[in-house]
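Numbers here simply count residues along the sequence, with the first being 1. Heavy atoms only: backbone and side chains are in, while hydrogens, waters and symmetry mates are out. Quick caveat, the model's predicted, so the values are computed rather than measured.
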Amino acid sequence: APGASVTVRIDVAGTDAQDINDRATVESLTPDPNTGNNVAEDGITVRGEADLRIAKTAAPDPVIAGNNLTYTLTATNDGPSSAVNVVVEDVMPAGVALVSITPPAGGSCVAGAPGNALLPTRCTLGTLADGASKSIIVRSAAGDSRLPPSSACANRAVSEAMATIPPLAPCQAGPSP
């Protein structure tokens with residue numbers, strides 16, 4: 001019938017950032033005097049959102065100054081989208097010596113300068129899928145026993161989302177030489 005219309009609804013769900021473009025056409029066996037209005041196009045952008053968090057543990061806790069200390073930094077994506085180009089930064093405190101950094105498979109790390117917030121250890125983890133986690137192992141030698149206990153172990157890590165972890169409990173100072 002002239003002027004009649006039909007509405008077709010298509011529901012689209014997307015959890016990762018993307019552009020969704022759609023083209024609809026209409027045609028009939030009946031001759032159409034105006035085919036210029038038989039095509040419609042539209043598009044939407046699905047914005048990705050990833051809730052990153054970081055956890056940091058130290059072992060042993062407490063550590064005697066002068067002994068080795070291992071930090072485990074775990075970045076987790078709580079979704080709902082994949083997190084792309086995930087970067088973790090770890091500012092090592094003054095008074096420790098970096099021994100080694102072990103990135104997760106597919107990741108890479110560049111050592112920073114302990115005590116220099118402008119030169120943190122920086123690890124690139126790639127993409128974290130919704131619900132995925134990757135861990136980095138940072139080994140250091142806790143400062144010498146002449147330093148105040150808190151200077152040897154206070155350490156912070158930050159993810160690209162800038163979630164900050166509070167400092168760990170202070171170390172115990174060992175006997176002075």
Q. If you look at every heavy atom in Asn37 and Asn34, which pair is closest and at what distance?
A. OD1-O, 2.7 Å

**Q.** Criterion side chain to side chain contact (heavy atoms under 4.5 Å, CB included) on Glu41 and Asn21, from CA distance to verdict
**A.** CA-CA 7 Å; Glu41 295 179 336; Asn21 298 305; over 6 Å; no

Q: Any side-chain hydrogen bond (donor to acceptor under 3.5 Å, both in side chains) involving residues 94-121? Give me the pairs, sequence neighbours left out, ordered by first then second residue.
A: none

(Q) Can you confirm whether Arg139 sits close enough to Asn68 that some side-chain heavy atom of one is under 4.5 Å from a side-chain heavy atom of the other? (A) no

(Q) Please report the interatomic distance CD1(Ile54) to CD(Glu89), rounded to the nearest 0.5 Å. (A) 10.0 Å

Q | Spacing of OG1 belonging to Thr45 relative to CD belonging to Gln18, to within rounding of 0.5 Å | A | 9.5 Å

Q) Do you know which two heavy atoms are closest between Val88 and Ala75, and how far apart they sit? A) CG2-CB, 4.0 Å

Q: Decide whether Leu98 and Tyr71 are clustered together by the hydrophobic rule: side chain heavy atoms of Ile, Leu, Val, Met, Phe, Trp, Tyr closer than 4.5 Å, transitively.
A: yes

Q: Could you please spell out the steps behind the side chain to side chain contact (heavy atoms under 4.5 Å, CB included) verdict for Leu69 and Val96?
A: CA-CA 9 Å; Leu69 175 64; Val96 300; 5.6 Å; no

Q) Which pair of non-hydrogen atoms, one from Cys123 and one from Ile136, has the smallest distance, and what is that distance? A) CB-CD1, 3.6 Å

Q. If you measure from OG1 on Thr76 to CG on Asp78, what distance do you get to the nearest 0.5 Å?
A. 6.5 Å

Q: State whether the side chain of Lys134 and the backbone N or O of Leu125 hold a donor-acceptor pair below 3.5 Å, judged by distance alone.
A: yes

Q) Is there side-chain contact between Val39 and Arg23, with at least one heavy-atom pair below 4.5 Å? A) yes

(Q) What's the separation between atom CD1 in Ile101 and atom CG in Asp90, rounded to the nearest 0.5 Å? (A) 8.0 Å

(Q) Under the criterion side chain to side chain contact (heavy atoms under 4.5 Å, CB included), I'd like the reasoning laid out for Thr70 against Ile137: C-alpha separation, chi angles, the key distance, then a yes or no. (A) CA-CA 7 Å; Thr70 300; Ile137 307 298; 3.6 Å; yes

**Q.** Main-chain N/O of Ala129 paired to Ser82 side chain as donor or acceptor, under 3.5 Å
**A.** no

Q) What are the two closest heavy atoms between Ala50 and Ser81, and how far apart are they? A) CB-O, 3.6 Å

(Q) Restricting to salt bridge (Lys or Arg N to Asp or Glu O under 4.0 Å), what partner residues turn up for Asp51, sequence neighbours left out? (A) none

Q. Where do Thr25 and Asn38 land on the side chain to side chain contact (heavy atoms under 4.5 Å, CB included) test, with the steps shown first?
A. CA-CA 6 Å; Thr25 61; Asn38 291 10; 5.9 Å; no

Q. Rounded to the nearest 0.5 Å, what separation is found between the CG atom of Asp42 and the CD1 atom of Ile20?
A. 11.0 Å

Q: Quick one: pull up CG in Asp130 and CG in Asn77 and give me the separation to the nearest 0.5 Å.
A: 5.5 Å

